[in-house]
Amino acid sequence: QVQLVESGGGLVQPGASLRLSCAASRFTFHVYAMQWHRQVPGKERELVAAISSDGGETSYADSVKGRFTVSRDNTKNTVYLQMNSLKPEDTAVYYCNARQLSRSLWGQGTQVTVSS
């Protein structure tokens, strides 16, 4: 069973930090580029961060640049999203996405809520 499982979400106050993890199993993790997306109710899913298969290249949405950092550990089949200086507008369900050629695999999502 190929799967991606996100964890690390929760309820935090503005300015706080969270680290999301996405653990991959039963596929060749190191050949996949990885992405983090988020979705707010009633809105389209938004790409927030991406990292190449070897971790050498990263990219971010303008809304999170300077606050979020994506990384991966291919020995642990895990990708991370470090989120600092969280804002209420970061509230969303965050999804992990694995991409390799025509394949696109999604996790189930983890809820992040930023509220005072």
Side-chain angles (χ1 to χ4, degrees):
Q1 180 73 23
V2 176
Q3 66 176 33
L4 297 168
V5 179
E6 300 96 333
S7 62
L11 172 63
V12 298
Q13 296 188 179
S17 296
L18 283 172
R19 189 178 76 157
L20 306 184
S21 298
C22 174
S25 64
R26 288 181 268 270
F27 67 95
T28 310
F29 179 76
H30 70 271
V31 308
Y32 284 79
M34 301 296 295
Q35 300 178 340
W36 287 97
H37 297 243
R38 66 187 182 188
Q39 189 165 27
V40 177
K43 303 293 184 181
E44 293 293 317
R45 193 167 294 187
E46 174 191 19
L47 175 65
V48 298
I51 187 166
S52 60
S53 59
D54 66 355
E57 300 177 26
T58 59
S59 61
Y60 302 91
D62 287 343
S63 58
V64 307
K65 284 179 181 176
R67 300 188 298 118
F68 290 11
T69 302
V70 62
S71 61
R72 68 191 295 162
D73 185 344
N74 286 351
T75 70
K76 298 181 178 179
N77 287 358
T78 302
V79 63
Y80 305 95
L81 185 66
Q82 178 67 45
M83 305 186 294
N84 298 327
S85 302
L86 283 162
K87 305 174 180 179
E89 48 264 48
D90 295 319
T91 296
V93 177
Y94 284 72
Y95 297 90
C96 181
N97 177 231
R99 308 185 75 88
Q100 190 267 332
L101 299 177
S102 64
R103 297 201 78 190
S104 183
L105 308 174
W106 293 89
Q108 84 291 341
T110 185
Q111 176 71 48
V112 172
T113 302
V114 185
S115 176
S116 60

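In what follows, every heavy atom counts, from backbone to side chain, and hydrogens, waters and symmetry copies are set aside.
- Counting only heavy atoms from C-beta outward, the side chains of S25 and N77 never approach each other to under 4.5 Å.
- Of all heavy-atom pairs spanning S104 and R99, the tightest one is OG-NH1, 3.5 Å.
- Checking side-chain atoms of T91 against main-chain N and O of V114 turns up a donor-acceptor pair under 3.5 Å.
- Using a 4.5 Å cut-off on side-chain heavy atoms (C-beta onward), Y94 and E6 make no contact.
- Side-chain contact between W106 and C96 is absent, with no heavy-atom pair separated by less than 4.5 Å.
- Because its NZ or CZ atom is not both nearer than 6.0 Å to the ring centre of F27 and within 45° of the ring axis, R103 does not count as a cation-pi partner of that residue.
- Residues V112 and R38 are not in side-chain contact: their nearest non-hydrogen atoms beyond the backbone lie 4.5 Å or more apart.
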Anything under 3.5 Å between a donor and an acceptor, one on a side chain of residues 9-22, the other on a protein residue two or more places apart or in another chain? List them.
from: S17; atom 1: OG; to: N84; atom 2: OD1; distance (Å): 2.9

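- In this structure, H30 and R72 approach most closely via the heavy-atom pair CA-NH2, 4.3 Å.
- Of all the heavy atoms in A49 and L81, the pair that sits closest is CB-CD1, 3.9 Å.
- Heavy-atom minimum distance, E46 versus A61: OE2-CB, 4.3 Å.
- Atoms CZ and CD, from F68 and Q82 in turn, are 9.5 Å apart once rounded to the nearest 0.5 Å.
- Linking ILVMFWY residues whenever their side-chain heavy atoms come closer than 4.5 Å, directly or via other members, leaves Y95 and V48 in distinct clusters.
- N97 contributes no side-chain N or O that, together with a main-chain N or O of G107, makes up a donor-acceptor pair within less than 3.5 Å.
- Within the 4.5 Å cutoff, the side chain of V70 has heavy atoms near those of the V79 side chain.
- For the pair E89 and S63, the minimum side-chain heavy-atom distance is 4.5 Å or more.
- A salt bridge does not link D90 with K87: every distance from a Lys NZ or Arg NE/NH1/NH2 to an Asp or Glu carboxylate oxygen is 4.0 Å or more.
- Minimum heavy-atom separation, K43 to Q39: O-NE2, 3.2 Å.
- Side-chain contact annotation: S59 with E57, donor-acceptor N/O pair under 3.5 Å absent.
- Note on W36: it does not cluster hydrophobically with V40, by side-chain heavy-atom contacts below 4.5 Å among ILVMFWY residues.
- Annotation: side chain of Y80 is in contact with side chain of D73 (closest heavy-atom distance under 4.5 Å).
- Rounding to the nearest 0.5 Å gives a distance of 14.5 Å between OG1 of T58 and CE of M34.
- Of all non-hydrogen atoms in T69 and Y60, the two that sit nearest each other are CA-OH, 3.3 Å.
- Atom OG1 in T75 sits 10.0 Å away from atom CZ in F29 (nearest 0.5 Å).
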